[in-house]
Structure formats: structure tokens, C-alpha cells
Protein chains: 4
Amino acid sequence: MARMKDETKRLSILESSKMLFSQKGFFNTSISDIVRETGFPVGTIYTYFKSKDEIVRTIVEEGWQQWYEQVEQACASEGSPEAKIRILIDRFIPRLFDDLDFISILLTEAIDYTRIEAKVEKLTDLTFSLVKPMLARSQMLQDLSRDSMQAALIIFFLGILDAARLARSSSIGLKESHITGFMKMIIENTFGVSL
Amino acid sequence: MARMKDETKRLSILESSKMLFSQKGFFNTSISDIVRETGFPVGTIYTYFKSKDEIVRTIVEEGWQQWYEQVEQACASEGSPEAKIRILIDRFIPRLFDDLDFISILLTEAIDYTRIEAKVEKLTDLTFSLVKPMLARSQMLQDLSRDSMQAALIIFFLGILDAARLARSSSIGLKESHITGFMKMIIENTFGVSL
Amino acid sequence: MARMKDETKRLSILESSKMLFSQKGFFNTSISDIVRETGFPVGTIYTYFKSKDEIVRTIVEEGWQQWYEQVEQACASEGSPEAKIRILIDRFIPRLFDDLDFISILLTEAIDYTRIEAKVEKLTDLTFSLVKPMLARSQMLQDLSRDSMQAALIIFFLGILDAARLARSSSIGLKESHITGFMKMIIENTFGVSL
Amino acid sequence: MARMKDETKRLSILESSKMLFSQKGFFNTSISDIVRETGFPVGTIYTYFKSKDEIVRTIVEEGWQQWYEQVEQACASEGSPEAKIRILIDRFIPRLFDDLDFISILLTEAIDYTRIEAKVEKLTDLTFSLVKPMLARSQMLQDLSRDSMQAALIIFFLGILDAARLARSSSIGLKESHITGFMKMIIENTFGVSL
DNA sequence: AATGAATGAGTCTTCATTCAT
DNA sequence: TATGAATGAAGACTCATTCAT
């Protein structure tokens with residue numbers, strides 16, 4: 001047998017690329033930057049990925065999948081809607097902050113490779129099913145449509161991602177706790193619940 | 001006379017570039033694309049702008065300035081905070097939708113040239129001054145800090161921009177009215193006002 | 001006004017490329033070989049030709065056109081069919097030998113870019129119209145079809161080209177005069193004429 | 001047993017390569033194309049052939065040898081020169097058409113690996129010895145030199161190969177029968193024989 | 001001022017061959 | 001012996017910017 005493909009190498013390429021794409025941008029990162037960063041020869045990059053595009057696409061898809069699957073599991077578990085929402089806010093929003101590289105790539109240059117619509121649709125469905133039981137209690141929101149719900153979700157979700165990105169890259173004194181705090185407040189206020 | 005002609009050309013370059021950057025992305029648009037689109041010779045592009053970067057920067061700065069100045073004026077005018085907020089939502093958010101090209105550029109590839117932090121800071125100050133009188137009425141929000149306010153603003157502002165971008169580019173059935181409607185609801189709910 | 005495209009440069013690129021393609025083959029000639037040979041920078045090659053392919057295609061088309069137009073003129077002039085055929089053999093076959101680079105390219109690697117069928121069709125028409133009056137005299141050939149004529153022509157024409165190529169490149173003692181002499185003999189013999 | 005299997009693989013590589021070289025050209029066929037086509041791993045290709053070049057060379061040499069040996073045998077057998085020539089035309093020219101892949105490779109890209117001169121020399125000797133007795137009868141051809149004979153042979157032989165190649169690849173309505181028919185006619189006419 | 005040819009560093013990617021397993 | 005990952009020089013081509021005219 002010849003050598004087998006080495007998952008460690010594959011991940012190393014992915015990790016270095018993610019960092020570079022996020023810091024310098026997809027288009028300002030050259031394959032030779034990745035070569036320099038990983039220490040692998042060019043050819044090796046291309047035995048693991050067909051193209052530069054495929055690298056971003058993989059970063060986005062695998063990053064998303066990891067996050068989303070966990071969210072899904074958490075929502076499938078026992079517990080009141082309130083409890084689940086609390087988990088979402090306290091556990092999964094912070095987790096996004098841990099992978100800002102991923103977010104940067106998701107939102108900016110690679111947006112063409114990102115199929116973000118599909119992701120948003122799935123997230124809408126998940127969230128809507130979660131929020132539905134809570135709507136009954138709120139007279140005002142009783143007939144919140146899926147469309148409005150989606151508008152809300154997109155604004156919050158993408159807003160949070162962008163905010164997280166800004167918080168990192170800029171001198172703005174924006175902290176993670178401000179963001180989760182604000183989200184909690186909005187939800188408590190809107191649904192009349194206490195998280 | 002010569003002055004007029006110059007300004008026309010300058011705007012023409014800006015307009016074509018904005019369209020191209022927004023549709024194909026900054027890095028996928030070459031100067032020769034701009035040449036083709038405008039019909040001007042390369043040299044001419046460079047007599048009006050020092051570099052490709054300067055073109056984006058100009059698009060962003062001028063686009064922002066136009067929008068922001070009007071917002072500022074509206075807020076400086078007479079009227080209750082509620083009235084002003086209503087104007088913001090009903091007049092200036094929709095205006096953002098009219099210039100999605102500008103937004104796309106602002107948010108994605110050109111983000112390096114965008115100095116978005118400065119813009120957000122100014123917007124925070126403006127909004128905070130606007131909202132302050134309303135906070136007094138809300139027991140819950142009484143001690144909302146500027147930082148939290150900024151977190152909120154960033155999330156909403158960038159979230160709306162991203163949502164607008166998505167609404168345009170994708171098959172998601174997201175409409176302008178969903179977005180403004182949602183914003184109104186949130187604010188009414190949060191501040192206990194009726195817009 | 002800026003500089004104008006320089007026909008001298010264009011021809012220089014064409015000439016160098018023809019020599020290189022012919023000697024080393026199309027695929028074994030790199031753009032940087034052409035750069036080295038011409039002394040022009042890469043960029044310059046590409047301001048005159050869109051691609052490497054376009055260079056071969058141009059060599060073949062322009063080379064063919066030059067030769068064919070002259071053949072056509074000669075055949076359009078006054079004179080008996082025999083005289084015209086003599087001219088063809090004595091003047092235009094030798095001329096092919098003068099541009100063996102062109103022939104090598106035509107026949108070998110670039111054959112995909114060559115549209116040789118179209119060329120052969122035109123040549124068949126021309127030759128057939130020329131030979132027709134002579135057919136009447138030959139009982140045997142009286143009903144030579146255009147198809148057979150074309151078979152003959154292709155065999156001779158391509159055969160001669162290949163022979164010329166071999167004559168140059170190899171140690172075979174094959175001389176131009178052998179080829180034209182043989183052609184004359186065949187024709188005299190076949191049509192019962194004296195050239 | 002092991003030997004059998006080996007030879008099968010070797011021939012399989014040769015067959016696939018011939019097809020690919022002929023269809024896409026030598027330079028446009030990569031070793032990994034051959035890998036894909038044969039289903040063998042790269043390493044295996046290289047245990048049977050030292051290099052890509054050696055594959056073409058082998059295709060050409062073995063293809064030639066097969067054809068030539070049979071020609072030689074046929075010519076060595078009893079019978080009048082006319083009978084032998086008839087056999088050549090009716091049996092061996094058609095056989096060339098059966099292996100157009102081989103011809104394509106022989107004539108075009110692989111010409112560097114082809115040592116075609118040596119082949120032509122041998123063929124000239126064979127043909128000359130065959131034709132010699134027929135020359136005596138023809139006053140005109142009596143002093144046909146070997147050189148002229150070779151010119152003729154090259155023109156016809158390569159011309160036929162090229163014609164065969166064209167007949168296959170193009171929309172030209174050129175048929176095998178046109179080619180053999182034409183050859184017969186030329187020979188009958190030139191040598192005053194009836195085939 | 002207007003023009004557009006000139007430039008060359010830099011881009012992504014390929015691929016024949018080797019050699020560790 | 002069989003395998004296929006590893007390699008890196010070399011490939012074609014791009015493009016922002018300059019500057020001669």
C-alpha cells in the first residue's frame with residue numbers, strides 16, 4: 001500500500017487557510033500564502049483540495065455543520081422553549097464568537113461560495129418551531145407569520161455575526177456580553193418571558 | 001463648462017463601478033471591466049481616480065455621507081422622539097433598499113476600505129441622543145448604557161443591511177415590509193410607544 | 001494619443017513563434033520561449049494575441065491565405081489548363097518548401113486549430129475546375145468524380161506537404177526536385193499531356 | 001500465469017493510451033487520464049513503462065512492426081509483381097484504415113518519437129525491389145531512380161495516411177474506396193498494367 | 001489633457017515521476 | 001510487487017498602473 005491521505009494535513013490546510021482568509025480576505029490570500037503558512041509544498045495543497053474555491057467552501061460548510069448540528073441537538077432535547085432559547089443565547093451565540101474567522105469568511109468575500117440562503121432557511125424553520133409555542137402567550141405576536149419571523153431571524157442572526165466581526169476587528173468597545181445581554185432583553189421584553 | 005463635463009465623467013465612473021463591484025464583487029471586477037462599462041479609456045479612469053481602491057472608497061464615503069446627512073437633518077428637526085424614530089424607520093431604512101449596490105459593497109469585499117467603525121460610532125451617538133429621552137419612561141431600560149445601545153444598534157443596523165442584501169439576491173421570500181414591520185414592532189414593544 | 005499597436009511587433013511575435021512551434025512543436029514551446037526569442041515582455045505578447053492558441057491559428061490562417069490567394073490568381077489568369085498546372089507545380093509547390101515552418105505547424109500538433117478540411121475543400125474546388133477541361137481528352141478519366149478527384153488531391157497535397165517536411169528534417173536524401181519531377185510525371189502520364 | 005496477467009495489463013495500457021493519444025493528442029493526454037481509462041493505479045503504469053514517452057514509442061513501434069512484417073511476408077511470397085501490388089493495395093492499405101489511432105499518433109504529435117525516416121527507408125527498399133521488374137516494361141520509367149521512387153512512395157504513403165486520418169475526423173465525404181481506387185488507377189496508368 | 005500600449009510581478013493550477021509504505 | 005500521496009518546477013495568463021505620444 002502507498003501512503004494514505006492524512007487527515008491531519010487536510011485539517012492543517014483548512015486551519016491555516018481559515019486564518020489567512022479571515023485576516024487578509026479570500027482574494028488577498030494567495031495559494032502561496034497558504035503554502036508558506038502550512039509549510040506544505042503546493043502540490044500537497046492540491047492533493048487535498050481541487051481548488052482555492054474548494055478550500056473556502058469546505059471551511060464554510062464544515063464550520064456551519066458543526067455549529068448547526070449542535071444547535072439542532074440542543075433544541076431536540078427536553079425542556080421548555082424558554083430553556084432552549086436560553087441555551088441558544090448562552091451557549092451557541094458565544095460559540096460563534098469562538099470562530100470569528102469562520103464568520104468573517106461566511107459574511108464577506110466568500111459569500112458567493114456560501115449558499116447562505118439555504119442555511120438561513122434551515123435556521124428559520126428550526127427557530128420558528130421553537131418560538132411557536134411561545135407565541136400563543138403573547139397577544140401581540142399571536143399571528144406572527146413565518147415570513148416576519150424570518151425577517152426577524154435574519155436581522156438578528158446576521159446582525160449578531162456582523163457585530164461579532166466588528167467587535168473583534170475594531171476599536172469599538174463592543175463586548176460579547178453586550179450582545180448576549182441585548183438579545184436576552186429583547187426576547188424577554190417581546191415574549192414576556194424571563195430567561 | 002469643462003467642469004460640468006468632468007463631474008459627469010467622474011459620476012459615470014462611480015456609477016458603473018458601483019454596479020460592477022456590487023454584482024461581481026470588488027476583486028472580480030477589473031479596471032478593464034470599468035473601461036468597458038463606461039466606454040472611457042483606461043487613462044481617463046486614472047485621471048479621475050488614483051487607484052481602484054480609491055474608487056471603492058469614494059463610492060462608500062459619498063454613499064454614506066448622502067444617507068447620513070439626511071438622517072441627521074431629520075433628527076435635528078422639530079418633533080417628538082417617537083416622530084423622529086418613525087421617520088427613521090419609514091423613510092431612511094427604505095432608502096437603504098434603494099441603494100443595495102452601495103450596501104453590498106459596504107458589507108463585503110470592500111470592508112477593508114470602509115472604515116465602518118467610524119460610521120457606526122457616529123450613528124450610535126446620533127441614535128443614543130434620540131433614544132435617551134425615551135429611556136426615562138421605560139423602567140426596564142432606564143440604565144441602558146451607551147455600550148448596550150451600541151450593541152443593539154449594530155445588530156439592528158448591520159442586520160438590516162444584510163437582510164436587505166439577502167432579500168435582493170436570493171430566492172428567500174423576504175420583503176422590505178417584513179423588515180420595517182419587524183423593526184417597528186420591536187421598538188414599540190421595547191419602549192412601550194406606538195409608532 | 002497614446003502609442004498605436006505596432007504591426008512590426010505583431011509580425012515579430014508571429015515569426016518567432018512560427019520558428020519555435022515548427023522546431024520544438026506547439027506544446028513544447030512555452031510562452032516564455034516566445035518571450036525569450038522575441039525579447040518582448042510577456043504582457044506584450046498578450047496585447048497582440050489573446051492566447052497561445054490564437055498565435056498558432058493566426059500563423060496557419062495568414063500563411064494559408066497568402067499561399068492560396070496567389071494560387072487563385074494564377075489560376076484565374078489567361079492560359080491553357082496545362083500552363084496553369086505547370087505554374088502550380090513549378091511555382092507554388094516550391095513555394096510551400098520555402099515555408100516549411102508553416103507546413104509543420106499545419107500538419108502536426110496544431111491540427112486542431114487548423115480547420116484543414118475547409119482548406120482542402122476549397123482547394124478541391126479550385127483544382128477540379130482546373131482539371132475538368134483536361135478530363136474530356138482522357139478516355140479513362142472521363143467520368144472522374146469530384147470525390148475521386150478529392151481523394152487524389154488530398155493524397156497528393158498532404159503527401160507533398162509531409163514529404164517536404166520529411167525532406168527537411170531528416171537524413172533522407174529527398175530533394176525538392178524529386179518531388180516536383182514526380183508530380184509532373186504522374187500528371188503527364190495520367191492526362192496524356194506534356195508539361 | 002503471472003506472466004500472462006502481466007502481458008494483459010501491458011496491452012491494456014497500450015490500448016487505452018493509443019485511444020487517448022489519438023483522440024485528445026499526446027500532449028493533451030495526461031498519465032492520470034490513462035490511469036482513469038485503464039483503471040490501474042499510477043504506480044502500475046510505471047512498472048510497465050519507464051515514461052510517457054516510452055508508451056508512445058511502444059505504440060508506434062509495435063503498430064508499425066505488425067503491419068510491416070505482414071507486408072514483407074506478402075511480398076516475399078510467390079507471384080508476379082502485379083499480384084503483389086494488388087495485394088498491397090487491396091489488403092494492406094485498408095488495414096491501415098483499421099488502425100487510424102495508430103496513424104494519427106504516427107503522423108502528428110508523437111512525430112518526434114517516431115523515427116519515421118527509418119520506416120520510410122525500409123519501405124522504399126521493399127517497394128523498389130518490387131517495382132523494379134515492372135520498370136523494364138515502361139519506356140518512360142526505365143531510369144526511375146531510387147530517389148524518385150522514394151519521393152513517389154513518401155508522397156503516396158504519407159498522403160494516404162493523412163487522407164485516411166482526414167476521412168475519419170472530418171465531414172469531408174472521403175471514402176476508403178476512393179483512396180484505393182485512385183491508387184489503383186495511378187499505378188495502372190503509370191505502369192501500363194492491369195490490376 | 002487624453003489616450004491606450006507597455007509592463008512584469010504575481011496568479012492559480014497541472015503533471016510526470018518518485019518513493020515510502 | 002503494488003500502490004497512490006508527495007513533489008515543485010513550470011505552465012498559461014491577468015491586471016493595476018505608468019508614461020510616451
Side-chain angles (χ1 to χ4, degrees), chain A residues 1-10 26-35 38-55, chain B residues 2 5-6 9 26-36 39-55, chain C residues 1-10 26-35 38-55, chain D residues 2 5-6 9 26-36 39-55:
Chain A
M1 290 284 175
R3 240 165 299 173
M4 292 282 95
K5 266 194 191 136
D6 183 348
E7 182 64 8
T8 308
K9 274 189 191 170
R10 193 182 149 275
F26 177 72
F27 291 100
N28 285 321
T29 300
S30 68
I31 292 290
S32 56
D33 287 333
I34 297 173
V35 163
T38 57
F40 300 142
V42 214
T44 296
I45 308 292
Y46 280 88
T47 80
Y48 288 85
F49 297 93
K50 275 212 314 291
S51 64
K52 196 184 163 191
D53 287 6
E54 212 197 60
I55 299 178
Chain B
K5 198 164 133 223
D6 287 352
K9 275 189 191 170
F26 177 71
F27 291 99
N28 286 321
T29 299
S30 65
I31 293 289
S32 67
D33 288 332
I34 298 173
V35 164
R36 205 174 305 117
F40 301 143
V42 213
T44 297
I45 308 292
Y46 278 86
T47 68
Y48 287 87
F49 297 93
K50 267 210 328 287
S51 67
K52 196 182 164 191
D53 287 4
E54 210 197 61
I55 298 177
Chain C
M1 291 280 173
R3 243 165 298 174
M4 292 281 93
K5 264 191 190 141
D6 184 347
E7 182 64 10
T8 307
K9 276 189 189 168
R10 193 181 150 273
F26 176 72
F27 291 100
N28 285 320
T29 300
S30 68
I31 291 289
S32 55
D33 288 332
I34 298 173
V35 164
T38 57
F40 301 142
V42 214
T44 296
I45 308 293
Y46 281 89
T47 80
Y48 287 87
F49 298 94
K50 275 212 312 289
S51 66
K52 197 183 163 192
D53 287 6
E54 211 197 59
I55 299 178
Chain D
K5 195 164 135 228
D6 286 354
K9 275 190 191 171
F26 176 72
F27 292 100
N28 287 320
T29 300
S30 66
I31 293 290
S32 67
D33 288 331
I34 298 172
V35 164
R36 206 173 304 119
F40 300 143
V42 214
T44 297
I45 309 291
Y46 279 86
T47 69
Y48 288 87
F49 298 93
K50 269 211 323 290
S51 66
K52 195 183 166 191
D53 288 5
E54 209 196 64
I55 299 178

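Note on naming: letters A, B, ... go to the chains in the order of the sequence lines (proteins, then strands), and numbering restarts at 1 for each one.
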Please state how far atom CZ in F27(A) lies from atom C1' in dC15(F), giving the value in whole angstrom units.
-> 15 Å
Of S51(C) and P41(D), whose closest DNA chain F nucleotide lies nearer the 5' terminus?
-> P41(D)
Can you tell if the side chain of F27(A) reaches within under 4.5 Å of the side chain of N28(B), non-hydrogen atoms only?
-> yes
What is the nucleic acid contact for T44(A), judged by heavy atoms within less than 4.0 Å: base, sugar-phosphate only, or nothing?
-> base
K52(D) charged N/C atom sitting above Y46(D) aromatic ring, 6.0 Å / 45° | no
What is the nucleic acid contact for F49(C), judged by heavy atoms within less than 4.0 Å: base, sugar-phosphate only, or nothing?
-> nothing
Just call it for I31(A): base, sugar-phosphate, or nothing, with non-hydrogen atoms closer than 4.0 Å on any strand.
-> base
Whole-Å distance separating the NZ atom of K52(C) from the C1' atom of dT14(F) = 17 Å
Atom CG of N28(D) to atom P of dT14(E): distance rounded to whole Å?
-> 14 Å
Selection from dT7(E), dT3(E), dT17(E) that lies nearest to any side-chain heavy atom of Y46(D) | dT17(E)
Whole-Å distance separating the NZ atom of K50(D) from the C1' atom of dT17(E) = 13 Å
Determine the contact category for K9(A): base if any of its heavy atoms lies under 4.0 Å from a base atom, sugar-phosphate if only primed atoms, P, OP1 or OP2 are that close, otherwise nothing.
-> sugar-phosphate
What is the distance from CE of M4(C) to C1' of dA6(E), rounded to the nearest Å?
-> 13 Å
Within a strict 4.5 Å, meaning less than it, do heavy atoms of the V42(B) and I34(B) side chains meet?
-> no
Starting at atom CD of E54(A), determine the distance to atom C1' of dT13(E), rounded to an integer number of angstrom.
-> 13 Å
Base partner of dA20(F), which must satisfy Watson-Crick or wobble distances under 3.5 Å | dT3(E)
Regarding the side chain of V42(A), the nearest nucleotide among dC12(E), dA5(F), dT13(E) is dT13(E)
Classify the nucleic acid contact of F40(B) as base, sugar-phosphate or nothing, counting any heavy atom under 4.0 Å across all strands shown.
-> nothing
Among the nucleotides dA16(E), dA20(E), dA5(E), which one has an atom lying closest to any side-chain atom of R3(C)?
-> dA5(E)
Taking CZ from R36(D) and P from dA16(E), how many angstroms apart are they, rounded to a whole number?
-> 11 Å
Considering only NZ, NE, NH1 and NH2 on the basic side and carboxylate oxygens on the acidic side, decide whether R36(B) and D33(B) come within less than 4.0 Å.
-> yes
If you look at every strand shown and take non-hydrogen atoms under 4.0 Å, does T47(A) touch a base, only sugar-phosphate, or nothing?
-> base
Can you tell me how far C1' of dA16(F) sits from CG of D33(B), to the nearest Å?
-> 13 Å
Test item: T44(C) and T38(C) side chains (from C-beta on) under 4.5 Å apart, heavy atoms | no
